**Q** 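Would you mind keeping the following structure in view while I ask a few things?
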Amino acid sequence: MSRAPRRPVETAAMLGSASTEPSIPAAVERGIWPNGEHAAWTSVRQERWEGELQVQGEIPIWLNGTYLRNGPGLWHISNYHFRHLFDGYATLVSLHFEDGRLTAAHRQVESEAYKAAKEKKRLCYREFSEVPNTHGFLSYVGGLAGLLSGASLTDNANTGVIQLGDGRVVCLTETVKGSILVDPKTLDTIGRFEYADELGGLIHSAHPIVTETEFLTLLPDLVWPGYRVVRMEAGTNERKVIGRVECRGGMAPGWVHSFPVTKNYVVVPEMPLRYCAKNLLRAEPTPLYKFEWRPEWGSYMHVMCKATGTLVASVEVPPFVTFHFINAYEEEDEEGRVSAIVADCCEHYADASILDKLRLQNLRSCIGLDVLPDARVGRFRIPLDGSSVGSLVCALDPEKHGRGMDMCSINRRYLGRPYRYAYACGAQRPCNFPNTLTKIDLFEKTSKNWHDEGSIPSEPFFVDRPGSTEEDDGVVISMVSGKDGEGYALILDGFSFEEIARAKFPYALPYGLHGCWLQNK
Ligand SMILES: CC(=O)/C=C/C=C(C)/C=C/C1=C(C)CCCC1(C)C
Ligand SMILES: CC(/C=C/C=O)=C\C=C\C=O
Ligand SMILES: [Fe+2]
């Protein structure tokens with residue numbers, strides 16, 4: 001049984017084309033998108049492009065380096081259209097700043113999944129919600145074996161991009177095999193990042209914590225429900241286990257898209273949104289995809305000492321749903337002993353329906369409708385005094401960011417330390433997706449917001465000014481998909497949150513997820 005295409009073939013000639021000149025259909029130039037779609041949710045026009053951008057305003061002369069952003073930018077193969085935002089093949093975008101000038105480029109990441117789809121003109125690996133066609137019992141068994149061995153899992157590294165302490169640049173997703181080395185100058189795919197250890201594991205957190213000295217991540221264990229906390233020293237490919245956390249509740253670990261750290265501790269969240277074996281095996285997606293909602297299994301925060309692997313706390317907390325932790329830090333009592341950990345996240349009021357709201361059909365068809373579920377800065381307090389319960393509250397009035405918020409960054413120098421400012425996408429309602437950029441002041445409990453009607457900005461990424469001493473002394477970079485088929489790189493001042501420069505791309509780029517900054521040495 002072959003699947004019927006869900007939507008008519010799009011105009012964008014994509015798989016296979018490698019032209020460096022943008023070819024923009026006349027209708028798109030006039031701002032009319034095929035099927036009335038927004039550029040944010042329309043597949044990237046071509047495999048690659050690079051060129052200099054004209055800058056309006058002024059790029060600070062100190063901003064010297066490259067901002068890389070990854071995301072799922074291609075949502076169809078031939079005439080087969082993917083369902084979910086997270087299914088798209090990875091599109092890597094770069095903005096290279098030098099002496100006030102800006103050159104940009106984008107290029108598809110050449111994962112095995114992408115190359116096979118291009119060659120065979122069909123889906124060949126399991127993506128976030130898509131499963132390749134199977135026929136009959138034997139292929140069901142084959143599918144099961146492929147899932148258990150990891151052979152059928154995608155390596156489509158579409159979630160983020162990081163720079164390791166030794167300078168290597170890696171695109172990542174939730175599957176371990178989807179760790180792909182790229183050349184940040186050419187955006188060429190170099191090849192798979194091979195972990196030189198025996199840890200195995202098919203999935204990991206999409207958001208490792210990366211510093212100059214180490215890479216920390218979580219490997220969820222679906223067989224013996226728990227998480228291994230692992231560390232890879234900069235300059236090596238070898239992960240070593242720091243320790244293991246057993247799940248407190250239920251038969252499967254919770255989804256760990258991200259996790260927070262403090263100076264001395266790794267925090268392992270155990271969400272009620274759990275991996276689900278039955279849903280992993282299904283060919284057709286459920287509203288919670290590979291997961292299930294199990295609040296009765298409890299919600300927990302575990303705290304592990306980074307140096308020793310000792311579990312120092314494991315507390316029950318109210319149910320929560322988060323993709324992204326913002327930051328965490330240690331609180332001390334009068335004697336200077338660490339008495340609690342504060343961990344902040346983009347929290348969706350324990351409502352997992354946000355996952356299904358990220359279906360492309362919903363994103364494309366509900367523009368302007370107020371269907372974005374509420375979200376807040378959720379602040380956990382995890383006591384380290386032996387208490388069994390932690391708390392979760394709003395860190396500020398969610399109205400300050402339009403009751404929507406996700407896709408956050410901070411000044412990286414404050415990672416794991418007390419901090420004041422978070423940058424995120426927020427909401428100006430009515431909307432079906434975050435459509436503003438917000439700077440949140442967690443001391444004053446206020447915000448500054450940027451909005452361009454009809455536009456969808458991607459994650460605001462804070463870059464600090466070399467030599468700065470104030471936390472918000474720097475710029476915030478975002479890439480914006482405009483409503484009329486235009487797209488631009490946007491630079492906001494970190495302190496005032498006012499626009500200081502923008503530079504138009506030759507054509508709008510789709511929405512992207514996470515980025516990193518590579519400082520020119
Ligand atoms: C883009 C993003 O934020 C998340 C992507 C998640 C992916 C690609 C998850 C893939 C998975 C499979 C292909 C099977 C196993 C489970 C799971 C990790 C959800
Ligand atoms: C786009 C997104 C999650 C991305 C994961 O990497 C969440 C958006 C939430 C909307 O409020
Ligand atoms: Fe993410």
Side-chain angles (χ1 to χ4, degrees), residues 40-41 69-73 75 82 84-91 111 113 123 125-132 143 146-148 150-161 171-178 201-208 219-220 222 252-253 255-259 273-277 279-282 285 288-291 321-326 345-349 351-358 362-363 371-376 398 401-409 424-427 431-436 438 456 458-459 511-515:
W41 321 121
R69 188 203 71 180
N70 196 0
W75 292 284
F82 294 167
H84 198 276
L85 173 65
F86 295 167
D87 288 328
Y89 292 114
T91 304
S111 60
L123 183 80
Y125 290 85
R126 286 171 178 265
E127 297 297 336
F128 175 77
S129 85
E130 298 287 344
V131 176
L147 184 59
L148 295 176
S152 63
L153 293 185
T154 189
D155 65 341
N156 172 22
N158 68 1
T159 307
V161 53
C171 292
L172 292 170
T173 184
E174 306 254 333
T175 59
V176 174
K177 71 200 276 202
L202 300 179
I203 52 182
H204 57 185
S205 168
H207 291 275
L219 303 180
L222 271 54
W255 189 13
V256 278
H257 183 74
S258 71
F259 63 98
L273 187 63
R274 307 278 177 149
Y275 289 97
C276 171
N279 290 347
L280 279 165
L281 288 169
R282 278 183 212 272
L288 293 182
Y289 301 88
K290 317 288 190 219
F291 308 99
V321 166
T322 187
F323 295 104
H324 300 120
F325 279 88
I326 303 169
C345 67
C346 309
E347 206 277 314
H348 294 265
Y349 290 93
D351 177 2
S353 72
I354 180 65
L355 207 51
D356 207 39
K357 290 282 187 297
L358 302 179
N362 177 64
L363 296 171
V371 294
L372 178 71
D374 289 0
R376 58 175 172 170
H401 48 75
R403 288 176 288 108
M405 67 102 38
D406 214 306
M407 307 300 287
C408 48
S409 75
C425 295
C431 61
N432 67 335
F433 193 80
N435 59 353
T436 70
T438 183
I456 307 279
S458 69
E459 180 180 79
Y511 185 70
L513 297 176
H514 305 290

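When a ligand or atom number is given, it counts from 1 through the structure's own listing order. All figures in this text were calculated on a predicted structure; none of them were measured in a lab.
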**Q** Tell me, which N, O or S atom in His207 is closest to the Fe ion (ligand 3)?
**A**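 The closest N, O or S atom of His207 to the Fe ion (ligand 3) is NE2.
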**Q** Assess whether a salt bridge exists between Arg403 and Asp374, defined as any Lys/Arg side-chain N lying under 4.0 Å from an Asp/Glu carboxylate O.
**A**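 Looking at Arg403 and Asp374, the cut-off is met.
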**Q** Please step through side-chain contact (heavy atoms from CB on, under 4.5 Å) for the pair Tyr89 and Phe82, ending with a clear verdict.
**A** CA-CA 10 Å; Tyr89 292 114; Phe82 294 167; 3.6 Å; yes
**Q** List every atom of ligand 1 that sits less than 4.0 Å from any heavy atom of Lys290, numbering the atoms from 1 in the order shown and giving each element.
**A**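 Here the atoms of ligand 1 in question are 19 (C).
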**Q** Any sub-3.5 Å donor-acceptor pair from Asn279's side-chain atoms to Pro285's backbone N or O?
**A**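 No; zero donor-acceptor contacts below 3.5 Å.
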**Q** Show your working on side-chain contact (heavy atoms from CB on, under 4.5 Å) between Cys346 and Ile326 and close with a plain yes or no.
**A** CA-CA 7 Å; Cys346 309; Ile326 303 169; 4.0 Å; yes
**Q** Within the side chain of Thr436, is there an N or O that forms a donor-acceptor pair under 3.5 Å with the backbone of Ala427?
**A**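 Yes; judged by distance alone, with no hydrogens or angles, the pair exists.
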**Q** Can you tell me the N, O or S atom of His257 that's nearest the Fe ion (ligand 3)?
**A**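 Closest to the Fe ion (ligand 3) among those atoms: NE2.
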**Q** Counting N and O atoms only, with roles assigned by atom type, does the side chain of His401 sit under 3.5 Å from a partner on the main chain of Asp406, one being a donor and the other an acceptor?
**A**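 No.
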**Q** Do any N/O atoms on His348 end up under 3.5 angstrom from N/O atoms on ligand 2?
**A**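 No; every N/O pair is 3.5 Å or more apart.
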**Q** Where is the nearest protein heavy atom to atom 8 (C) of ligand 1: which residue, which atom, and how far?
**A**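 Of the protein heavy atoms, Thr173 OG1, 3.5 Å lies nearest.
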**Q** Spell out, as yes or no, whether a donor-acceptor pair under 3.5 Å connects the side chain of Ser152 to the backbone of Arg126.
**A**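 Checking the backbone N and O of Arg126 against the side chain of Ser152, no donor-acceptor pair under 3.5 Å is found.
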**Q** Backbone N or O of Ser129 within a donor-acceptor pair of the Asp87 side chain at under 3.5 Å?
**A**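 Side chain of Asp87 to backbone of Ser129: a pair is present.
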**Q** Should you measure from each heavy atom of Leu372, which atoms of ligand 2 turn up under 4.0 Å away?
**A**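 Those qualifying, in numeric order: 11 (O).
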**Q** Would the distance check show the side chain of Asn158 and the main-chain N or O of Gly88 forming a donor-acceptor pair, the cut-off being under 3.5 Å?
**A**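 Yes; judged by distance alone, with no hydrogens or angles, the pair exists.
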**Q** Return yes or no for this condition: an N or O of Thr159 is under 3.5 Å from an N or O of ligand 2.
**A**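 No.
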**Q** Near Ile203, which atoms of ligand 1 are under 4.0 Å from a heavy atom of that residue?
**A**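 Heavy-atom distances to Ile203 below 4.0 Å select 18 (C).
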**Q** Say whether, by atom type as modelled, one donor and one acceptor occur between the side chain of Glu174 and the main chain of Ser205 under 3.5 angstrom.
**A**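 The answer is no, because no donor-acceptor pair under 3.5 Å joins these two groups.
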**Q** What are the atoms of ligand 1, with element, lying closer than 4.0 Å to any heavy atom of Arg126?
**A**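 Per the distance check, 13 (C).
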**Q** Please state whether the rings of His324 and His514 are parallel, tilted or perpendicular, taking 30° and 60° as the class boundaries.
**A**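 If you compare the ring of His324 with that of His514, the planes turn out perpendicular.
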**Q** Can you tell me how the ring of Tyr275 sits relative to the ring of Phe291, calling it parallel under 30°, perpendicular over 60° and tilted otherwise?
**A**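 It falls in the tilted class, 30° to 60°.
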**Q** Name the closest protein heavy atom to atom 15 (C) of ligand 1, giving the residue it belongs to and the distance to 0.1 Å.
**A**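 Nearest neighbour among protein heavy atoms for atom 15 (C) of ligand 1, to 0.1 Å: Leu280 CD2, 3.5 Å.
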**Q** What atoms in ligand 2 come closer than 4.0 Å to a heavy atom of Ile354?
**A**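 Under 4.0 Å from Ile354, ligand 2 has these atoms: 9 (C), 10 (C), 11 (O).
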**Q** In the protein, which heavy atom is nearest to atom 14 (C) of ligand 1, and how far is it?
**A**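 For this ligand atom, the closest protein heavy atom is Leu153 CD2, 3.5 Å.
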**Q** Name the closest protein heavy atom to atom 11 (C) of ligand 1, giving the residue it belongs to and the distance to 0.1 Å.
**A**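 For atom 11 (C) of ligand 1, the nearest protein heavy atom comes out as Thr175 CG2, 4.6 Å.
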**Q** Considering heavy atoms of the protein only, find what lies nearest to atom 6 (C) of ligand 1 and give residue, atom and distance to 0.1 Å.
**A**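 Ranking protein heavy atoms by distance from atom 6 (C) of ligand 1, first comes Glu174 CG, 3.2 Å.
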**Q** Under 4.0 angstrom from ligand 2, any heavy atom of Lys357?
**A**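 Not so, Lys357 does not reach ligand 2.
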**Q** For ligand 1, does Leu85 get within less than 4.0 Å through its side chain, its backbone, both, or neither, judged by non-hydrogen atoms?
**A**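 Neither; nothing of Leu85 gets under 4.0 Å from ligand 1.
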**Q** Under 4.0 Å from a heavy atom of His324: give me the atoms of ligand 2 that qualify, with their elements.
**A**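 Ligand 2 atoms under the 4.0 Å threshold to His324: 3 (C), 4 (C), 5 (C), 6 (O).
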**Q** Distance to 0.1 Å, residue and atom name: give those for the protein heavy atom nearest to atom 10 (C) of ligand 1.
**A**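 Protein heavy atom at minimum distance: Phe128 CA, 4.2 Å.
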**Q** Output the list of atoms in ligand 1 that are nearer than 4.0 Å to some heavy atom of Glu127, sorted by atom number.
**A**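 By the 4.0 Å cutoff, the relevant atoms are 13 (C).
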**Q** Going by the atom numbers of ligand 2, which of them fall below 4.0 Å from some non-hydrogen atom of His514?
**A**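 Those qualifying, in numeric order: 5 (C), 6 (O).
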**Q** If we ignore hydrogens and angles and just use 3.5 Å, is the side chain of Lys357 paired with the main-chain N or O of Pro373 as donor and acceptor?
**A**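 The answer is no, because no donor-acceptor pair under 3.5 Å joins these two groups.
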**Q** Can you list the ligand 1 atoms lying under 4.0 Å from a non-hydrogen atom of Thr159?
**A**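 Matching atoms, with element in brackets: 1 (C), 2 (C), 3 (O), 4 (C), 5 (C).
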**Q** Can you confirm whether something in the protein, heavy atoms only, sits under 4.0 Å from atom 4 (C) of ligand 1?
**A**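 So atom 4 (C) of ligand 1 has protein heavy-atom neighbours under 4.0 Å.
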**Q** Heavy-atom contacts under 4.0 Å between Pro434 and ligand 2: side chain, backbone, both, or neither?
**A**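 Just the side chain.
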**Q** For the backbone of Thr173 and the side chain of His204, can you confirm whether one donor and one acceptor N or O come within less than 3.5 Å of each other?
**A**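 It does hold such a pair.
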**Q** How does Leu202 reach ligand 1, if at all, at less than 4.0 Å between non-hydrogen atoms: by side chain, backbone, both, or neither?
**A**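 Neither; no heavy atom under 4.0 Å.
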**Q** Could you tell me whether the side chain of Asn70 and the main chain of Ala90 form a donor-acceptor pair under 3.5 Å?
**A**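 Not at all, since once roles are kept as given, no pair shorter than 3.5 Å links the two residues.
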**Q** Using a 4.0 Å cutoff against the non-hydrogen atoms of Met407, which atoms of ligand 2 qualify?
**A**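 Result: 1 (C), 2 (C), 3 (C), 4 (C).
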**Q** Given that the side chain starts at C-beta and the backbone is N, CA, C, O, which of these parts of His257 lies under 4.0 Å from ligand 1, counting heavy atoms, or is it both or neither?
**A**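 The side chain, only.
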**Q** Which ligand 2 atoms are under 4.0 Å away from a heavy-atom of His257?
**A**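 Under 4.0 Å from His257, ligand 2 has these atoms: 5 (C), 6 (O).
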**Q** When the ring centroid of Tyr511 is compared with that of Phe433, is the distance short of 6.0 Å?
**A**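 Judged by ring-centre distance (under 6.0 Å), Tyr511 and Phe433 do meet the cut-off.
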**Q** Determine which of the N, O or S atoms in His514 is closest to the Fe ion (ligand 3) and give its atom name.
**A**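 Per the distance ranking, His514 contributes NE2 as its closest N/O/S atom to the Fe ion (ligand 3).
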